[in-house]
Chemist: 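After the C-alpha cells below, expect a handful of questions from me.
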2 protein chains.
Amino acid sequence: MSGTVRVLVVDDDALVRAGLSLMLDGADGIVVVGEADDGDAVPAALDAHPADVVLMDIRMPRVNGITATRRVRARPSAPEVIVLTTFDSDENVLHALRAGASGFLLKDSLPARIAEAVRAVAAGEPILSPGITRRLMERAATEAGAHERARAALAELSAREHEVAVAIGQGRTNAEIAAHLHLSIATVKAHITRVLTKLGVGNRTQVALLVHDAGLC
Amino acid sequence: MSGTVRVLVVDDDALVRAGLSLMLDGADGIVVVGEADDGDAVPAALDAHPADVVLMDIRMPRVNGITATRRVRARPSAPEVIVLTTFDSDENVLHALRAGASGFLLKDSLPARIAEAVRAVAAGEPILSPGITRRLMERAATEAGAHERARAALAELSAREHEVAVAIGQGRTNAEIAAHLHLSIATVKAHITRVLTKLGVGNRTQVALLVHDAGLC
DNA sequence: CTCGAACCGCACCCCTCGTCGGGGGCGATG
DNA sequence: CATCGCCCCCGACGAGGGGTGCGGTTCGAG
C-alpha cells in the first residue's frame, strides 16, 4: 500500500488542474496519472489510468463533483475521493460526505497539506479542513449536550415510566403501548401523566422529542 | 504566535509523562514547560509555568482529564487542550469535546503526529485522530441523510400545512397553533389531517419527529 | 408489625385530537 | 364560461389523549 499514490485531478478550470498537477506530481510518493475537465469524464479517465485518489472539484458545468463522487465510489475499484472546493458551505460538505468522499479541503490549503492529505486518504485515513473539523466537533458537542440533559431528565423516571416514554418517542399510540406492555389503556395513561409531570412538559410530543434527543431511537 | 509552543504534560503514569516529554521537548518549536500527575495539580502547574497547550490524559486517580479540561478552559489564559488517551470510546470523545478540548488523539499515535498536533492546536486548528474523524463524518452523513429525506417529505406540504407541521414539531397544542396563526381550531385540525396523510404517518408525534429530523428546531 | 414511600395497576370524567363533510376563492384547462 | 383542481377555512362528531382518585404491592425504617 505504501507505493506511489496515483492521483486523478478533476476540475473544469485548466489553470487549477495545471496548478494541482504541478504541485503534486513529483511530490513524495505521488504521481498524477490523469486529469478530467468535468464529472462525466471521470469514469473514462479512471478506465484509462486507474487511480488511488481522485481530487474532485464541486462546481463543474455538466456533472458536478458530488454526483461524480457518488459514481466513483460505486465503481468496483472505488478510489478514494478528496473534494476540493473554494467554499466550505455546510451543504456542500454534507453532500460530499454522503456521496462517499473521504476528504474535504479548501482550495486555498497549503500545497504541502494537500499532498499530505492525498497520502493520508490513500492510507485509509479521512481528512477534513480545519474549519470543517471544528464545525463537526461543535455540532457533536452541542448534540452531546442535549443528549446528556435529556438523559438526565429521563433518569427521573421509574422503569415502567421509562418504557412508556420510549414507546411514545417511537410515535406509538396509547393502545399500541398497552398491547405491547400487556397493560390496560388506563394504566398507560396514568404512566404518561406521571411522565409528563416528572419531565415538566405538557404533552406527549414533547416527551417524544426529549426521548429522541436522548438518543433512544 | 509562531514562537515556540509551551506544553504541559498531564498523566498519572510517570513513564508516559517521561516518554511524551522526551519525544516532544526539543522537537521543532516545542518546549515542555511542566508536568502534572493528576487533574487537580494542573492549575498550580499552569500558574508556575504558563503553557499554550496541555496534553491531558483522561483516566487519573483524583480528578479526571475531562473535568480538568473544563477547568483549564475556564481559566483567563485558557490554553488549548489535547486529550490523549488509550481508548477512543464515543463517551470519552464527546465529553472531551464538550469540555472544550481542541484535540483528541490516541496514545499509540506516531510521535511526529503528536508533535504536529501540538503545533496545529497552538495555531488554533482542531485535531482529531483518524478513527474519530471517520466516526464524526459518518455520523454527520447519516444525519444529513435523514435530514434530506425528512425535508423531501415535508416539501409535499402546502405553505399553511408546513407552518402547522413546524408548530407541531415544537410540541404545541392545536389551540396554541390556532391562536398563533389566527385560525379556528377546526381549521388547524383539518390542516393536520392533510399533513398526516401527505406524510403517511398516523399521529402528530411522528410528524414532530419528522420535523425534528428535518432540522427545523 | 406498622407505617410511609414509592411503584404499579385500574376506572371514571373531561378535554383535545383527528375524521368527515361542506363551503368559498383562485388559477389553469378545455 | 364552465369546471376541474388545489388551497384555505370552518362546524359537528366519534375516538383517543390527559387528569384524578383509589386500591394493591413491595421494601426499608422505625
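Chain letters run A, B, ... following the sequence lines, proteins first, then strands; residues in each count from 1. Owing to the predicted nature of the structure, the values given are computational and were not obtained by experimental measurement.
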Chemist: Quickly work out the B:N203 CG to C:dT19 C1' distance and round it to whole Å.
Modeler: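 Checked: the CG to C1' distance equals 14 Å.
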
Chemist: Classify B:I185 by what it touches in the nucleic acid, base, sugar-phosphate, or nothing, heavy-atom distance under 4.0 Å.
Modeler: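 B:I185: no heavy atom of the nucleic acid under 4.0 Å.
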
Chemist: D:dC8 phosphate, OP1 or OP2: any side-chain N/O from B:S158 under 4.0 angstrom?
Modeler: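 B:S158 to D:dC8 OP1/OP2: side-chain N or O found under 4.0 Å.
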
Chemist: Does any non-hydrogen side-chain atom of B:T133 lie less than 4.5 Å from one of A:T133?
Modeler: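 No, too far: nothing below the 4.5 Å cut-off.
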
Chemist: Please identify which of these residues, B:K189, B:R172, B:Q170, B:H191, meets the side-chain contact (heavy atoms from CB on, under 4.5 Å) condition with B:I177.
Modeler: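 With B:I177 as partner, B:K189, B:R172, B:Q170, B:H191 yield a single side-chain contact (heavy atoms from CB on, under 4.5 Å), made by B:R172.
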
Chemist: Among D:dC8, C:dC8, C:dG18, which is the nearest nucleotide to the side chain of A:E161?
Modeler: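 Of the options given, the side chain of A:E161 lies nearest C:dC8.
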
Chemist: Charged N to carboxylate O under 4.0 angstrom, A:E156 versus A:K198?
Modeler: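 Salt bridge absent between A:E156 and A:K198.
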
Chemist: What's the closest nucleotide to the side chain of B:S184 if the choices are D:dG16, D:dG18, D:dG11?
Modeler: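 The nucleotide sitting nearest to the side chain is D:dG11.
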
Chemist: Taking 4.0 Å as the cut-off, does a side-chain nitrogen or oxygen of A:K189 come that near to OP1 or OP2 on D:dG21?
Modeler: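 So the side chain of A:K189 is outside the cut-off, no N or O lying under 4.0 Å from OP1 or OP2 of D:dG21.
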
Chemist: What is the distance, rounded to the nearest whole Å, between atom CG of A:L199 and atom P of D:dG18?
Modeler: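 In whole Å, D:dG18 P lies 13 Å from A:L199 CG.
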
Chemist: Which part of the nucleic acid, if any, lies within contact of A:T193, taking any heavy atom under 4.0 Å across all strands shown: a base, the sugar-phosphate backbone alone, or nothing?
Modeler: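 Answer is base: heavy atoms of A:T193 come under 4.0 Å of a base.
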
Chemist: Kindly point out which of D:dG18, D:dC10, C:dC17 is positioned nearest to the side chain of B:T173?
Modeler: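 When the side chain of B:T173 is considered, C:dC17 is the closest of D:dG18, D:dC10, C:dC17.
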
Chemist: Ion pair present between A:D57 and A:R17, side-chain N to carboxylate O less than 4.0 angstrom?
Modeler: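 Answer for the salt bridge query: no.
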
Chemist: Below 4.0 angstrom from OP1 or OP2 of C:dC17, is there any side-chain N or O of B:N174?
Modeler: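 Yes.
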
Chemist: If we only count heavy atoms from C-beta on, is the B:L128 to B:R134 side-chain gap below 4.5 Å?
Modeler: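 With C-beta onward as the side chain, the pair stays apart.
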
Chemist: With the side chain of A:A186 defined as its heavy atoms from C-beta on, choose the nearest nucleotide among C:dC10, C:dG18, C:dC8.
Modeler: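 Given the options C:dC10, C:dG18, C:dC8, the side chain of A:A186 is closest to C:dC10.
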
Chemist: Within this structure, what is the CZ-to-P distance between A:R160 and D:dG24, rounded to whole angstrom?
Modeler: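 So the two atoms are 20 Å apart, to the nearest Å.
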
Chemist: Let me know the distance between CD of A:E163 and C1' of C:dC8, rounded to the nearest Å.
Modeler: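 Going from A:E163 (CD) to C:dC8 (C1'), I get 12 Å.
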
Chemist: How is B:T187 classified with respect to the nucleic acid when contacts are heavy atoms under 4.0 Å: base, sugar-phosphate, or nothing?
Modeler: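 Base, at least one base heavy atom under 4.0 Å.
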
Chemist: Can you tell me which nucleotide in D:dG19, C:dG9, C:dC17 comes closest to the side chain of A:H191?
Modeler: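 Minimum distance to the A:H191 side chain belongs to C:dG9.
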
Chemist: Return the value, rounded to whole Å, for the distance between atom CD1 of A:I177 and atom P of D:dG17.
Modeler: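 It is 8 Å, rounded to the nearest whole Å.
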
Chemist: Rounded to whole angstrom units, what separation is found between the CZ atom of A:R172 and the P atom of D:dG16?
Modeler: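 Value for this atom pair: 17 Å.
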
Chemist: Using heavy-atom distances to pick each residue's nearest nucleotide on DNA chain C, tell me which of A:A190 and B:I192 is more 5'.
Modeler: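 Counting from the 5' end, the first nearest nucleotide belongs to A:A190.
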
Chemist: Take atom CG of A:L181 and atom P of C:dC10, then tell me their distance rounded to the nearest Å.
Modeler: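 Rounding to the nearest Å, CG of A:L181 and P of C:dC10 are 11 Å apart.
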
Chemist: Please tell me whether A:H95 and A:R98 have a donor and an acceptor in their side chains that are separated by less than 3.5 angstrom.
Modeler: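 No - no donor-acceptor pair under 3.5 Å links their side chains.
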
Chemist: Rounded to the nearest Å, what distance is computed from the CZ atom of residue A:R204 to the P atom of nucleotide D:dA15?
Modeler: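 Whole-Å distance recorded here is 18 Å.
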
Chemist: Is the distance from OP1 or OP2 of D:dC7 to the nearest side-chain N or O of B:R194 less than 4.0 Å?
Modeler: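 No, outside the criterion.
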
